[in-house]
Amino acid sequence: MSSDTRFDPASADARWQNAWEKAQTFRADSDSPKPKSYVLEMFPYPSGRIHIGHVRNYTMGDVLARYKKATGHEVLHPMGWDAFGMPAENAAMEKGVHPGGWTRDNIEHMKAQLKRLGFALDWNRELATCEPDYYGHEQALFIDLYEAGLVYRKESEVNWDPVDMTVLANEQVIDGKGWRSGAEVEKRKLNQWFLKITDFAEELLEGLGSLENWPDKVRLMQENWIGKSKGLEFSFDLSNGEKLPVYTTRPDTIFGASFVAVAADHPVAQAIDSEEAREFIALCKRGGTTAAELETAEKLGFDTGITAKHPFTGADLPVYIANFVLMDYGTGAIMAVPGHDQRDFEFATKYGLPIPRVVAPSVEEAGKSFDGEAEAGEGVIVNSDFLDGMSVEDAKREVIRRTEEHGRGTGKTVWRLRDWGVSRQRYWGTPIPFIHCDACGVVPAPKDSLPITLPEDVDFQTPGNPLVRHETWKHVDCPKCGGRAERETDTLDTFVDSSWYFLRFASQPADRPFDAEEVAKWLPVEQYIGGIEHAILHLLYARFWTRALAHMGQIEVKEPFASLFTQGMVTHETYRVFIPDDEGQTIAPRSYYVSPEEVERRDGKVFEKSSGLPVEIGRVIKMSKSKKNVVDPDTIIDSYGADAVRWFMLSDSPPERDLPWSEAGIEGCSRFVHRLWRLFAAHDAGAQGEDKALDRKTHQTVAAVADDIEALGFNKAVARIYELTGTVEKAAPSASRSAAIRTLVQLVAPMMPHLAEEAWAGMGMDGLVADAPWPEVDPALLIEDEVTIAIQHKGKLRDTLTAPKGAAKEDLEAMALASEKVQRSIDGAEIRKVIVVPDRLVNIVT
RNA sequence: GCGGGUGUGGCGGAAUGGUAGACGCCGGGGACUUAAAAUCCCCUGAGCUUUGCUCGUGUGGGUUCGAGUCCCACCACCCGCACCA
């Protein structure tokens with residue numbers, strides 16, 4: 001290799017990608033005796049093209065996977081496709097293509113894009129969830145779950161998206177609108193398939209405690225989502241002779257109850273036979289569910305005229321229908337304690353109901369009045385008969401005990417988590433493997449009939465599910481009685497597909513979903529990397545499936561992902577052109593966004609190329625098509641090569657934060673690629689002589705980069721590599737310098753693998769740098785023999801000096817006092833104290 | 001409203017309680033060149049009475065010999081959840 005040859009990514013990238021493929025460098029061997037490391041990034045939906053967010057995500061995983069390989073691990077780093085879902089059907093409707101063809105074309109294209117980036121992936125294990133050899137096994141697992149009692153059907157009110165014509169999970173309803181279509185969600189009653197995730201609520205909550213390497217933020221979000229609360233369920237005797245069960249988390253405040261409230265949907269409310277009641281209920285239902293509406297919503301109530309007998313005092317409490325009581329939480333009815341619940345307080349204030357105090361800061365303050373709001377905090381129980389003087393916690397226990405003793409109710413744990421509705425009235429998903437028979441009811445499809453494949457001949461010109469309209473597909477004989485029966489036409493929520501794919505990556509037998517022994521070798525995933533948007537849905541469902549399979553004895557592992565990392569987005573500034581006023585006609589300025597390629601810079605200002613109009617540079621925000629601030633990975637790889645793009649993805653921003661894309665930034669990265677290349681070309685295997693300081697720097701950098709990669713602090717690793725590069729460039733030729741250059745090749749290999757292979761080969765090294773072990777660190781070289789000591793006077797820096805490492809305190813003090821600058825600062829003042837931190841600083845206090 | 005996070009140069013960001021601003025980008029100056037590109041070198045927080053000094057990590061307090069870092073109060077922005085009894 002000679003110094004006048006420029007590094008040419010256009011040829012080098014593909015050459016090394018082929019070399020890795022030919023050598024099967026990244027094939028994961030389950031039988032390897034090496035320690036295993038499973039590195040996984042959330043697999044992509046094949047939307048058509050890789051976007052820059054994928055590039056960042058997979059680059060991070062790739063650096064870790066390559067580093068793990070170098071440090072002696074057998075690495076499993078697979079890739080696949082989360083290939084079912086609505087966009088394929090939308091494309092079918094809009095373009096008249098088949099969802100399968102559209103999806104497979106996309107996969108092919110995106111796979112080629114990923115290959116251009118040189119990721120260290122084991123493509124032998126590639127899978128797509130839309131293929132029968134994946135979803136057939138999913139059907140088998142679904143039947144297993146059914147047999148384990150974790151699948152059931154129920155008639156239920158569902159969130160119906162009128163645009164996508166499908167059911168949405170609660171998690172897919174955002175502010176009352178469909179998460180994809182944005183349409184106002186309607187309520188409909190349908191027979192639906194459910195997974196009993198609530199059976200695992202306690203486990204899923206407790207399991208969070210063991211996930212130390214998950215971000216606290218995600219654990220907290222899941223905790224809130226599961227939403228455990230402990231309390232008391234008991235019944236009021238109503239004046240109409242019925243019993244009304246209510247749920248409360250504050251049984252200690254029971255003597256403060258001044259009214260009872262039920263939800264509008266509650267049977268007690270529904271049974272009120274009056275025009276006014278019906279009108280009020282209708283009013284409650286009309287209320288919006290958006291954040292803004294709820295925040296400002298006034299507490300409204302309707303007095304039913306019914307009264308409820310207080311279980312301890314025997315007082316008659318009025319029963320209201322209230323708009324703030326939810327039917328689907330607890331029992332849909334509450335005992336209202338206005339003194340100690342803000343909502344109840346507002347309601348009582350509005351309707352002139354009593355607001356008794358039953359918790360006070362001290363017994364003496366039992367008569368204290370309220371200051372315009374409820375007091376929900378700690379204190380001592382007052383005005384509460386046998387509870388007086390107790391702490392909140394003691395009173396809770398006592399009330400639960402007495403209520404249970406009287407047989408009026410029980411202590412109860414209530415969860416916010418609901419069972420997971422998995423039915424979708426869609427074609428492009430896993431067919432639910434069940435058969436409806438008039439005689440036998442719902443019967444699971446026999447396992448030997450799996451996979452139940454989707455019919456190819458379907459049309460999408462009519463809204464709704466084509467499986468329902470299909471002429472022949474759904475007709476089948478009942479596996480039990482042999483009579484005429486019909487297939488289930490619902491398909492599974494695509495979140496089911498992504499709830500177990502990590503198991504299939506680990507082991508892919510043809511005749512069953514996975515092999516337990518193989519799974520045990522690889523799982524749990526050592527490092528899972530993906531977007532924060534999956535903090536609840538995907539990650540909770542995957543945890544649930546893993547636990548359910550463990551519960552059924554199919555696998556041992558209980559938590560699928562040992563470490564989770566949620567990476568930030570790639571952002572970019574926006575370019576906006578304001579259309580000039582048309583002779584003062586325009587009132588509001590009209591504007592449109594233009595893409596980065598459509599603008600040019602002149603004299604420090606920015607203009608649209610085509611029109612010459614000035615462009616306003618906007619906020620740095622997430623890339624999106626509508627804001628036209630997207631950057632296409634293919635284009636930038638063409639311009640700069642894979643290594644520069646990968647390097648950019650790792651530089652500057654900490655990986656959990658957003659990364660602002662910039663043209664200047666990628667150019668800087670590209671410059672560095674070529675700068676390294678020149679340095680590598682200057683490698684002289686025959687150079688003689690030792691450079692101790694350089695050796696130290698090299699070894700320190702190796703150790704630091706290793707630490708940084710293991711902590712996923714890629715931006716810091718990058719900075720260290722820049723630093724070492726600068727040092728090596730300035731160093732005089734020596735054996736140490738040549739060694740440092742070889743080491744540098746290895747340090748950048750996980751990040752810029754193509755450049756590294758090219759340099760490695762150019763230096764005449766054996767084999768691939770991808771197979772080379774991580775450079776060894778000599779611990780003796782990590783320690784400096786000289787240190788810089790800061791000298792402070794009254795805490796302010798006055799001078800620095802160089803001292804041998806480990807110098808005695810007295811010597812450092814003497815050296816500090818000998819400093820002219822320090823003496824000038826002290827200016828003859830009396831020295832009261834001298835603080836010496838060995839190898840660090842001397843602080844003189846006067 | 002509840003919960004969580006983040007505030008450091010023109011920008012992205014470094015900094016086990018111990019020299020704030022590593023490293024990168026932008027910008028300025030210079031070298032090389034007929035010229036440009038590429039490359040290399042130097043400068044680059046602010047201010048001042050410039051051998052040096054003062055100020056400076058959102059604001060105000062506190063602890064400490066010493067605070068970006070710890071404690072208290074506040075402000076701003078971002079994210080999640082949301083009438084969950």
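The shown structure was predicted, so the numbers you read here are calculated from the model rather than taken from an experiment. Protein chains get the first letters and strands the later ones, always in sequence-line order, with residue 1 at the start of each.
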Rounding to an integer number of angstrom, what distance separates U44(B) and C26(B) when you compare their C1' atoms? 11 Å
Between C1' on C81(B) and NZ on K217(A), what's the gap in Å once rounded to a whole number? 11 Å
Go through the side-chain N and O atoms of D658(A) and T571(A) and say whether any donor and acceptor fall under 3.5 Å apart. no
Yes or no on salt bridge (Lys or Arg N to Asp or Glu O under 4.0 Å) for D341(A) and R250(A), after CA distance, side-chain angles and deciding distance? CA-CA 10 Å; D341(A) 180 287; R250(A) 293 293 305 271; over 6 Å; no
Is G27(B) syn or is it anti, if syn means the base angle is within 90 degrees of 0? anti
G3(B) versus C71(B) - spacing of their C1' atoms, nearest Å: 22 Å
Please give the distance between the C1' atoms of G12(B) and C2(B) as a whole number of Å. 33 Å
Detail all sub-3.5 Å separations between protein N/O atoms and N/O atoms belonging to nucleotides 23-25 of chain B.
unit_1: C25(B); atom_1: OP1; unit_2: R671(A); atom_2: NH2; d: 3.3

Assess whether one donor atom and one acceptor atom, taken from the side chain of K794(A) and the base of C65(B), lie less than 3.5 Å apart. no
Choosing from G4(B), A85(B), G13(B), which nucleotide comes nearest the side chain of Y329(A)? A85(B)
Determine the interatomic distance between P on C72(B) and the same-named atom on U19(B); round to the nearest Å. 25 Å
Would you indicate what V325(A) reaches in the nucleic acid, counting non-hydrogen atoms under 4.0 angstrom: base, sugar-phosphate, or nothing? base
Flag the pair H266(A) / I321(A) as yes when at least one side-chain heavy-atom distance between them is below 4.5 Å, and no otherwise. no
Could you state the atom-to-atom distance from CZ of R657(A) to C1' of C77(B) in whole Å? 13 Å
Before we go on, tell me: are the rings of W647(A) and Y722(A) under 6.0 Å apart, centre to centre? yes
Please state whether the rings of F347(A) and Y351(A) are parallel, tilted or perpendicular, taking 30° and 60° as the class boundaries. tilted
What's the CH2-P distance between W661(A) and G12(B), to the nearest Å? 18 Å
Considering only atom P, compute the distance from G45(B) to G9(B) and round it to an integer number of Å. 13 Å
Which listed nucleotide (G18(B), A85(B), U19(B)) is nearest to the side chain of L797(A)? U19(B)
Would you say that L300(A) contacts F280(A) through its side chain, given a criterion of any heavy-atom pair below 4.5 Å between the two side chains? yes
How many whole angstroms separate atom CG of D341(A) from atom C1' of C84(B)? 11 Å
Does U34(B) count as syn, meaning its glycosidic angle lies within 90° of 0, or as anti? anti
M327(A) CE to A85(B) C1', straight-line distance once rounded to whole Å: 13 Å
Would you say E533(A) and H538(A) make side-chain contact, with heavy atoms under 4.5 Å? no
Given the options L812(A), N843(A), I844(A), I789(A), V836(A) meets side chain to side chain contact (heavy atoms under 4.5 Å, CB included) only with L812(A)
Using the C1' atoms only, state how far G56(B) lies from U51(B), rounded to an integer number of Å. 24 Å
Rounded to whole angstrom units, what separation is found between the CG atom of L208(A) and the P atom of G4(B)? 16 Å
Side-chain N,O (R416(A)) to OP1/OP2 (C2(B)) below 4.0 Å: no
As a test of reading the structure: which of A14(B), C65(B), C84(B) is closest to the side chain of N715(A), going by heavy atoms? A14(B)
Starting at atom CD1 of I334(A), determine the distance to atom P of A85(B), rounded to an integer number of angstrom. 11 Å
Verify the contact: side-chain N or O of R678(A) to OP1 or OP2 of C40(B), cut-off strictly under 4.0 Å; return yes or no. yes
Tell whether Q342(A) reaches the base of G1(B) with its side chain through a donor-acceptor pair below 3.5 angstrom. no
Of N224(A) and K821(A), whose nearest nucleotide on RNA chain B comes first from the 5' end? N224(A)
Taking C-beta and beyond as the side chain, do W677(A) and D643(A) meet within less than 4.5 Å on heavy atoms? no
note: L317(A), atom CG; A85(B), atom P; distance rounded to Å ~ 21 Å
In residues 804-818 of chain A, what residues come within less than 4.0 Å of RNA chain B, judged by heavy atoms? none
Contact check, side chains of Y320(A) and L353(A), non-hydrogen atoms, under 4.5 Å: yes
Side chain of W225(A), heavy atoms from C-beta onward: which of U6(B), G18(B), C81(B) has the nearest atom to it? C81(B)
R798(A) side chain, from C-beta outward: closest of U19(B), U54(B), A14(B): U54(B)
With no hydrogens and no angle check, do the side chains of D419(A) and T198(A) hold a donor and an acceptor under 3.5 Å apart? yes
If you measure from the Lys or Arg side-chain nitrogens to the Asp or Glu carboxylate oxygens, is any gap between K396(A) and E393(A) under 4.0 Å? yes
Work out how far the P atom of C75(B) is from that of A22(B), and round it to whole angstrom. 34 Å
Base, sugar-phosphate, or nothing: which does L841(A) touch, judged by heavy atoms less than 4.0 Å apart? base
Shortest non-hydrogen contact between L232(A) and G411(A), atoms and distance: CD1-N, 4.0 Å
Need one value for V837(A): base, sugar-phosphate or nothing, where a base atom within 4.0 Å counts as base even if backbone is also close, heavy atoms only. base
Which dot-bracket string describes RNA chain B (Watson-Crick N1-N3 plus N6-O4 or O6-N4, or G-U N1-O2 and O6-N3, all under 3.5 Å; [ ] crossing; | other strand)? (((((((..(((.....[....))).(((((.......))))).((((...))))..(((((..]....))))))))))))....
Using a heavy-atom cut-off of 4.0 Å across all strands, would you classify R832(A) as base, sugar-phosphate, or nothing? nothing
K716(A) side chain near A14(B) phosphate (N/O to OP1/OP2, under 4.0 Å): no
Measure from NZ or CZ of R357(A) to the centre of the six-membered ring of F370(A), then state whether that distance is under 6.0 Å and the direction lies within 45° of the axis. yes
Across the strands shown, which category fits S229(A) at heavy-atom distances under 4.0 angstrom: base, sugar-phosphate, nothing? sugar-phosphate
T788(A) side chain, from C-beta outward: closest of G7(B), U19(B), G12(B): U19(B)
NA contact type, K796(A), heavy-atom cut-off 4.0 Å: base, sugar-phosphate, or nothing? sugar-phosphate
With side chains defined as the heavy atoms from C-beta onward, is the minimum distance between M335(A) and F234(A) less than 4.5 Å? yes
In whole Å, what separates the P atom of G66(B) from that of A73(B)? 23 Å
